Amino acid sequence: MIQAQKGTKDILPEDSSTWQMMEKNALTIFNNANFKEIRTPIFEATELFARGVGDSTDIVNKEMYTFEKSERSITLRPENTAGVVRAYIENGLHRQTPPVKLWYKGPMFRYERPQAGRQRQFHQIGVEMFGSTEAISDAECIYTAIKYLNSLGLNDLDVEINSLGCPKCRETFRNKLKALIKPDLDKYCEDCKVRYEKNPLRILDCKNPQCNELLNTPDIQNLINTDFICDECAEHFSELRRYLDELQVKYSVNKQLVRGLDYYNRTVFEIKSNNLGSQNAVCGGGRYDGLVEMLGGPPTPAIGWAMGMERLYSLIEKQNPPKLDVFVVSDNPLKALKLCEELRNKNISCDFDYGARKFKKQFEKAAKLANFAFVLGEEEIENNTITVKNLTSSHQETMPKAEAIAKFC
RNA sequence: GCGGGUAUCGUCAAGCGGUCAAGACCUCGGAUUGUGGUUCCGAUAUGCGUGGGUUCGAAUCCCACUACCCGCCCCA
């Protein structure tokens with residue numbers, strides 16, 4: 001027996017109403033806020049992710065599904081920001097009046113050990129906004145995420161924000177941090193030694209107790225807690241905070257929030273739930289003002305976020321699959337099919353029994369699947385009538401066919 | 001890459017070395033021929049993840065393998 005691959009899952013019919021609800025809410029909320037949907041390919045040139053996501057990230061170093069085809073190196077997208085940026089540049093979307101607001105949803109692929117809230121193929125839904133540095137766009141971006149989550153019935157969530165500063169102030173901070181870490185570098189974990197060279201900020205994110213201990217010196221804590229970012233970035237951040245306050249968004253500032261992707265600068269944020277187990281982030285995002293230019297486009301500020309749909313799914317209340325409007329009960333399958341088609345053309349959902357089984361069996365099935373039964377037996381066929389039975393109240397009535405159909409239009 | 005756990009019908013699940021591998025749900029059929037959601041009856045694993053071994057005898061004990069799940073790391 002061939003099984004689904006490790007870390008992949010079938011989304012079964014019983015789950016589909018819930019998934020459709022997630023998608024429907026996204027469509028209305030994002031459309032209303034002038035986000036346009038974009039769909040990019042599921043595979044891209046490996047180099048796009050190596051450069052776009054960053055070669056110091058775990059995603060690029062050990063989690064990509066990469067293969068060679070016709071001497072090209074191809075990778076299944078591990079996230080969608082790099083792909084959207086590529087499409088933005090390639091299709092000249094930067095010629096449109098800014099800001100350009102996009103949203104997407106679709107499967108992503110990361111080769112990791114699966115566990116609760118983590119699969120190898122999973123789905124993300126996200127937004128990207130290009131062309132504005134204004135803090136108000138950061139605020140709208142975060143607000144849109146919260147609004148979407150609320151629409152799914154998720155209100156008990158923790159929003160954390162931080163500012164990483166711009167490349168300039170980050171450089172200063174980075175050097176100061178490296179200087180403070182250097183004397184004890186050999187005591188840090190292997191990962192952190194690599195991070196020290198490639199992306200020292202990520203050391204702040206390390207979960208290793210030993211490293212945490214080492215970071216817990218007055219000098220380092222002082223550096224983290226003193227605003228290391230430049231005046232301009234600080235102003236941007238406080239502006240954002242003011243906007244969020246005005247929008248009555250509850251958040252906390254987490255100075256150690258760094259995010260694992262290299263492209264972020266200034267604003268970063270995460271939205272977490274306590275009901276998820278250890279993979280507790282439902283949403284992560286931030287500003288990436290340098291990425292468009294780095295991938296060959298004109299200098300363009302941008303900000304975005306992504307949510308893990310499977311994580312959302314496990315948090316939201318499951319939707320019951322909707323019942324059919326009508327189930328046709330008949331001992332003449334062909335006539336039943338024809339009646340069904342007539343109903344379907346009028347946008348009435350319906351089905352019938354292929355086996356011309358006993359009416360008892362057909363009613364059993366009707367009650368399970370539909371709100372109404374249309375009985376089309378010999379008598380009804382002869383008189384061109386239908387017996388309409390309300391399966392909730394058990395009330396039934398025979399009437400001309402046209403009248404029965406009209407009742408549902 | 002490193003820890004821990006579990007594998008019995010489509011699903012949940014009992015079984016702890018000895019007649020035919022409980023039970024429940026689902027599905028299908030029946031309870032005098034066209035009316036359901038209640039009730040009653042019946043059907044449905046020569047099979048207990050795979051391969052070895054121990055034993056007169058194994059789903060039950062031992063070994064190996066495989067798969068999946070959970071945690072670390074990281075991320076959504």
Side-chain angles (χ1 to χ4, degrees), chain A residues 1-9 12 14 53 56-64 78-81 105-126 145 149 189-192 194-195 202 205-209 211 257-261 269-273 276-286 304-315 323 327 329-332 353 355-381 387-396 398:
Chain A
M1 184 52 201
I2 299 173
Q3 296 174 291
Q5 290 300 288
K6 182 190 281 205
T8 69
K9 275 195 176 137
L12 297 168
E14 65 204 62
V53 179
S56 79
T57 62
D58 281 359
I59 291 179
V60 168
N61 285 316
K62 49 186 197 195
E63 297 174 4
M64 296 209 297
E79 56 93 62
N80 209 13
T81 298
K105 68 169 168 18
M108 309 295 158
F109 306 85
R110 293 183 198 172
Y111 188 80
E112 300 178 86
R113 290 292 290 272
Q115 67 187 66
R118 181 199 293 154
Q119 295 170 205
R120 290 181 174 179
Q121 178 178 169
F122 62 103
H123 296 77
Q124 284 189 333
I125 194 160
L149 292 165
C189 71
E190 290 310 307
D191 286 341
C192 281
V194 176
R195 290 179 183 131
R202 304 238 47 220
D205 232 9
C206 186
K207 301 293 189 299
N208 187 315
C211 300
L257 178 62
V258 172
R259 312 261 334 129
L261 284 70
F269 57 95
E270 252 176 39
I271 303 177
K272 294 177 181 172
S273 163
L276 266 179
S278 70
Q279 309 304 322
N280 64 352
V282 284
C283 176
W305 52 255
M307 296 188 191
M309 295 182 77
E310 281 79 2
R311 291 182 190 177
L312 294 178
Y313 176 87
S314 69
L315 288 175
K323 282 197 165 185
F327 192 88
V329 172
S330 176
D331 43 20
N332 185 328
D353 191 273
R357 295 186 300 165
K358 291 184 176 179
F359 274 30
K360 180 180 165 67
K361 295 295 174 191
Q362 295 200 35
F363 269 98
E364 244 173 59
K365 198 166 168 183
K368 200 171 297 171
L369 298 180
N371 292 317
F372 287 83
F374 272 25
V375 185
L376 185 64
E378 280 174 34
E379 233 174 82
E380 286 88 353
I381 291 172
T387 300
V388 177
K389 177 165 185 176
N390 182 326
L391 292 165
T392 312
S393 67
S394 292
H395 175 262
Q396 77 175 43
T398 303

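Naming convention: chains lettered A, B, ... in sequence-line order (proteins, then strands); numbering from 1 in each chain. Everything numeric here is computed off the predicted structure, so don't read it as measured data.
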Distance, [atom1] atom - from [M] to [N], rounded to whole angstrom:
| N | M | atom1 | answer |
| --- | --- | --- | --- |
| B:C48 | B:A58 | C1' | 11 Å |
| B:C25 | B:C40 | P | 10 Å |
| B:G23 | B:G30 | P | 23 Å |
| B:A21 | B:A59 | C1' | 8 Å |
| B:U50 | B:U11 | P | 15 Å |
| B:A14 | B:U55 | C1' | 25 Å |
| B:G17 | B:C9 | C1' | 24 Å |
| B:A45 | B:A24 | P | 15 Å |

Using purine N1 to pyrimidine N3 plus N6-O4 or O6-N4 for Watson-Crick, or N1-O2 and O6-N3 for G-U wobble, both under 3.5 Å, which nucleotide pairs with [N]?
| N | answer |
| --- | --- |
| B:C2 | B:G71 |
| B:G37 | none |
| B:C16 | none |
| B:A64 | B:U50 |

If you measure from the Lys or Arg side-chain nitrogens to the Asp or Glu carboxylate oxygens, is any gap between A:Asp353 and A:Lys361 under 4.0 Å?
-> no

Encode nucleotides 31-44 of chain B as B, S and - characters from 5' to 3', where the letter depends on protein heavy atoms closer than 4.0 Å: B to the base, S only to sugar-phosphate, - to neither.
-> B--BBBB-------

Reading nucleotides 5-10 of chain B from 5' to 3' and marking B where a protein heavy atom lies under 4.0 Å of the base, S where only the sugar-phosphate is that close, and - otherwise, the string is ------

Under 4.0 Å from OP1 or OP2 of [N]: is there any side-chain N or O of [X] that close?
| X | N | answer |
| --- | --- | --- |
| A:Gln115 | B:G71 | yes |
| A:Gln279 | B:C74 | no |
| A:Arg357 | B:G29 | yes |

Please work out if [X] contacts a base, only the sugar-phosphate, or nothing of the nucleic acid, heavy-atom cut-off 4.0 Å.
| X | result |
| --- | --- |
| A:Glu112 | base |
| A:Gly117 | base |
| A:Ala366 | nothing |

Kindly indicate whether the side chain of [X], heavy atoms from C-beta on, has any atom under 4.5 Å from the side chain of [Y].
| X | Y | result |
| --- | --- | --- |
| A:Glu310 | A:Lys9 | no |
| A:Leu149 | A:Leu312 | yes |
| A:His123 | A:Tyr313 | no |
| A:Met307 | A:Cys283 | yes |
| A:Tyr111 | A:Pro78 | no |

Rounded distance in Å - [atom1] ([X]) to [atom2] ([N]):
| X | N | atom1 | atom2 | answer |
| --- | --- | --- | --- | --- |
| A:Asp58 | B:C72 | CG | C1' | 13 Å |
| A:Lys361 | B:G29 | NZ | C1' | 6 Å |
| A:Gln5 | B:C68 | CD | P | 8 Å |
| A:Lys9 | B:C68 | NZ | C1' | 10 Å |
| A:Lys6 | B:U66 | NZ | P | 11 Å |
| A:Gln119 | B:C70 | CD | C1' | 14 Å |
| A:Glu14 | B:C25 | CD | P | 18 Å |
| A:Asp353 | B:G29 | CG | P | 9 Å |

Checking the side chain of [X] only, and the main-chain atoms of [Y] only, is there a donor and an acceptor separated by less than 3.5 Å?
| X | Y | value |
| --- | --- | --- |
| A:Arg311 | A:Val282 | no |
| A:Arg120 | A:Phe109 | no |
| A:Gln362 | A:Ser330 | yes |

Side chains of A:Thr387 and A:Glu380, donor plus acceptor under 3.5 Å =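 On atom types as modelled, these side chains qualify, holding a pair under 3.5 Å.
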
Are there more than 12 heavy atoms of other residues, nucleotides or ligands under 6.0 Å from atom CD of A:Gln396?
->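 Result for CD/A:Gln396: enclosed.
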
Using heavy atoms to find the nearest nucleotide of RNA chain B for A:Ala4 and A:Glu310 separately, return the residue whose nucleotide is more 5′.
->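 Its nucleotide being nearer the 5' end, the pick is A:Ala4.
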
Check if the side chain of A:Arg113 and the base of B:C73 share a donor-acceptor pair of N or O atoms closer than 3.5 Å.
->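 Result: no qualifying N/O pair found.
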
Approximate separation, where rounding is to 0.5 Å, of A:Gln119 CD and A:Gln5 CD |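 Output value for this atom pair is 13.5 Å.
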
